[in-house]
Each structure stands twice: as structure tokens, then as C-alpha cells.
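The chains referred to below are lettered A, B, ... by the order of the sequence lines, with proteins before strands, and numbering in each begins at 1.
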Number of protein chains: 2
Amino acid sequence: MSNQTGLLTELPGVAGCCSPLVRKPLTAPQAVDLSRLFKAMGDPVRLRLLSLIASHEGGEACVCDLSGVFDLTGPTISHHLKVLREAGLIAGERRGTWIYYRIQPEVLAQLAAVLRPAGASV
Amino acid sequence: MSNQTGLLTELPGVAGCCSPLVRKPLTAPQAVDLSRLFKAMGDPVRLRLLSLIASHEGGEACVCDLSGVFDLTGPTISHHLKVLREAGLIAGERRGTWIYYRIQPEVLAQLAAVLRPAGASV
DNA sequence: CTCTTGCTTCGATTTCTGTCGAGATAGACC
DNA sequence: GGTCTATCTCGACAGAAATCGAAGCAAGAG
């Protein structure tokens, strides 16, 4: 995924003072890259999964902690986790019988950097 | 739209210290509400539209300023603007022949509030 | 080795989304 | 009034995404 290879950090203004969104128009590739993250978060189930993982004790949760929360089948939860994983928002690791997921704070921070000053600077 | 009626401001921790996403799991309605915003931003064209409007001189742009940038027809641009409008991210106002759009900074700030401390607190 | 459990992948179905062309509406100008 | 321009709405279609059941794979228990 290109957002894991540093493209987002090249957005204008991330290292400067103001929101890249407000300073100058996003280029098409930047927008494609960013929209992948937003799209991954644009589903209520995935947003809750992300929040469940992030707020879970130790900062990680196994799928068994997650799937009971929803009225959805295992494959569906697995699908949503895969979308989050492929967007780079979470990472999974097998440990014995269970697979544990944890959030990737840097990616969330990149998103926040794009967004934060936009509201504050007005 | 419920995110315009203040629901987002009731998220746990927005007025406190830490990211609501990380502090405790989002409830289903909160996630639905939030995901509407993320979904609206989960398209490259809409992200660029948002950025074009925000970075345009005076903080607003008419559709004629926007539609020339893309290889898309008028109806398609109009559709994307409608999605952004219904999400509460932009507002449009007719002034004479043209319709001007500007961003709604509070909504962007709410999104940022949800996101920002998640990365910073790690 | 076989059985069970946890999770994923596969294939099919249904619903949602992006895009367009055609037509409608609103305002400016003559 | 008529006409032109700017924008939106509507209806249709193709491609994408969400969901499920069935099957597969990995790891531990017996």
C-alpha cells in the first residue's frame, strides 16, 4: 500500500503550519491515497472494530473479542478486518491459537495531520 | 443530518484528554454517524473537491471553478457535491448565476478531534 | 493421527455507488 | 416574452462492496 511507503508524509504542509487540505489542492495521486484510508473508515462496523481494538486492554484484541459484539457472521468480520489491514490501519499477528490485531498509530496520526489544522485555522 | 445536530460533540472524550476512538469503544449510533463523514471523504474526487474549495481564494468556489479540473461530466460533479453537502462537510449558496460552496470547518474539526489524539497519545 | 476450535478464503447473491445522457430549473440579459 | 448559461435532478447502467454459507487451513487436545 502506497500510504505505508511514505507518500502521505509528502503532502504539502504536513511538516509546516497548515492543513494540507486547505493550503493547496490535493493532487490526484494524493487524493487516491488518502481516500483509501477514509474509505476504510467509512463503514460503521469497521469504525467500531477499530475503536474496539484501540480501546481494548493492551491495545490489541483477538478476533474472538470482536466477533461477539456484532450480529454478523465470522466471515464478515474477517472481511472487515482485512479491509482495515490492507488500508494499513491495523496489523494482525498470530500467537498460538488466536490472531491478535492492534492499530497502527502512525497511519492514524497521518490522517489526523491532514485534518486537524483545517478546523483550527478558521 | 445527525452530525449537524451535535451528536458528535457527545462522543466520550471530545472535551476530555484522549481520543474517543481509543478511550472506549464507539457505540453503534456514534459509529454510524461518524462513518457517514468518513464515507463522504472516501472518494478521491470528493477529497479533491473538498481541498479545492478549502484552498480556493476566499474559502469558497463556484461549481465552474471545480468542474473544469476533472474529466467528469457536470452531473457527476454535482452528485459528489451533493454527497459532501448532505454529509455536512460543505454548504452551498446561490449568488446570482453561480452557486458557491465553502467548507464547514466545525465538522472537519469534529473529525479531527476524534482522530488526532489517537496517534499523538502513543 | 484425528477431532475440535479459531480464523480465513472462496463463491454467490444482493445492495450500494459512480458515472453518464437527457431533461428540468433558476437566474441574467435582450 | 425568448434565449443563453450555470447547475441540478432523474433514470439507467456497470462495477464495487457487504453479507452469507461452505469449505479450507493452522494450531492445540486427546
Review point. In whole angstroms, how far is the C1' atom of D:dC8 from the OH atom of B:Tyr100?
Key: 17 Å
Exercise for review: Return the value, rounded to whole Å, for the distance between atom CD1 of A:Ile99 and atom P of C:dT5.
Suggested key: 17 Å
**Study point:** Protein-nucleotide distance (A:Asp65, atom CG; C:dC7, atom C1'), rounded to Å
**Key:** 13 Å
Check your understanding: Does OP1 or OP2 of C:dC20 have a side-chain N or O of B:His79 closer than 4.0 Å?
Key -> no
Exercise for review: Take A:Arg85 and A:Tyr101 through the test side-chain hydrogen bond (donor to acceptor under 3.5 Å, both in side chains) and record every step on the way to the result.
Suggested key: CA-CA 9 Å; A:Arg85 199 176 346 118; A:Tyr101 282 99; 3.3 Å; yes
Check your understanding: For the side chain of A:Thr73, counting heavy atoms from C-beta on, which of D:dA18, C:dC20, D:dC20 is nearest?
Key -> D:dC20
Exercise for review: Taking only the side-chain nitrogens and oxygens of A:Thr97, find out if one of them lies under 4.0 Å from OP1 or OP2 of C:dG6.
Suggested key: no
Review point. OP1, OP2 of D:dC8 versus side-chain N and O of B:Tyr101: anything below 4.0 Å?
Key: yes
Review point. Looking at A:Lys39, does any N or O in its side chain come under 4.0 Å of the phosphate oxygens OP1/OP2 on D:dA16?
Key: no
Check your understanding: Using a cut-off of less than 4.0 Å, is there contact between a side-chain N or O of A:His80 and OP1 or OP2 of D:dT19?
Key -> yes
Point to revise | Side chain of A:Arg46 - closest among C:dT8, C:dC20, D:dA18 | key: D:dA18
Check your understanding: Between A:Pro75 and B:Cys62, who's closer to the 5' end of DNA chain D by nearest nucleotide?
Key -> B:Cys62
Review point. Among D:dT19, C:dC7, D:dG21, which nucleotide sits nearest the side chain of A:Leu72?
Key: D:dT19
Check your understanding: Starting at CD of B:Glu93 and ending at C1' of D:dA6, how long is that distance when rounded to a whole Å?
Key -> 16 Å
Revision key, fill the gap. Judged by nearest nucleotide, the residue sitting upstream toward the 5' end of DNA chain D, A:Val45 or B:Cys64, is B:Cys64
**Study point:** Distance below 4.0 Å between A:Thr76 side-chain N/O and D:dC20 OP1 or OP2
**Key:** yes
Exercise for review: Kindly point out which of C:dT9, C:dT8, D:dA18 is positioned nearest to the side chain of A:Asp43?
Suggested key: D:dA18
Revision key, fill the gap. To the nearest angstrom, the CZ-C1' distance between B:Arg94 and D:dA6 comes to 7 Å
Practice item. Identify whether any heavy atom of B:Gly96 sits under 4.0 Å from a base atom; if not, whether one sits that close to sugar-phosphate; answer base, sugar-phosphate or nothing. Key: sugar-phosphate
Review point. For the pair made of NZ in B:Lys82 and P in C:dC20, what is the distance, rounded to whole Å?
Key: 17 Å
Review point. Any side-chain heavy atom of B:Asp65 sitting closer than 4.5 Å to one from B:His56?
Key: yes
Review point. Got a donor-acceptor contact below 3.5 angstrom from the B:Glu86 side chain to the B:Val83 backbone?
Key: no
Study note, to complete from the structure: A:Arg48 and B:Ala28 have their tightest heavy-atom pair at NH1-CB, 3.6 Å
Check your understanding: Would you say B:Val32 and A:Pro44 make side-chain contact, with heavy atoms under 4.5 Å?
Key -> yes
Review point. To the nearest angstrom, how far is A:Phe70 atom CZ from D:dT19 atom C1'?
Key: 14 Å
Check your understanding: Is a side-chain N or O of A:Thr76 found less than 3.5 angstrom from the main chain of A:Leu72, in a donor-acceptor match?
Key -> no
Point to revise | B:Trp98 CH2 - C:dG27 P separation (whole Å) | key: 14 Å
Check your understanding: Any side-chain N or O of A:Ser78 under 4.0 Å from OP1/OP2 of C:dT8?
Key -> yes
Check your understanding: Under 4.0 Å between a side-chain N or O of B:Arg95 and OP1 or OP2 of C:dG27?
Key -> no
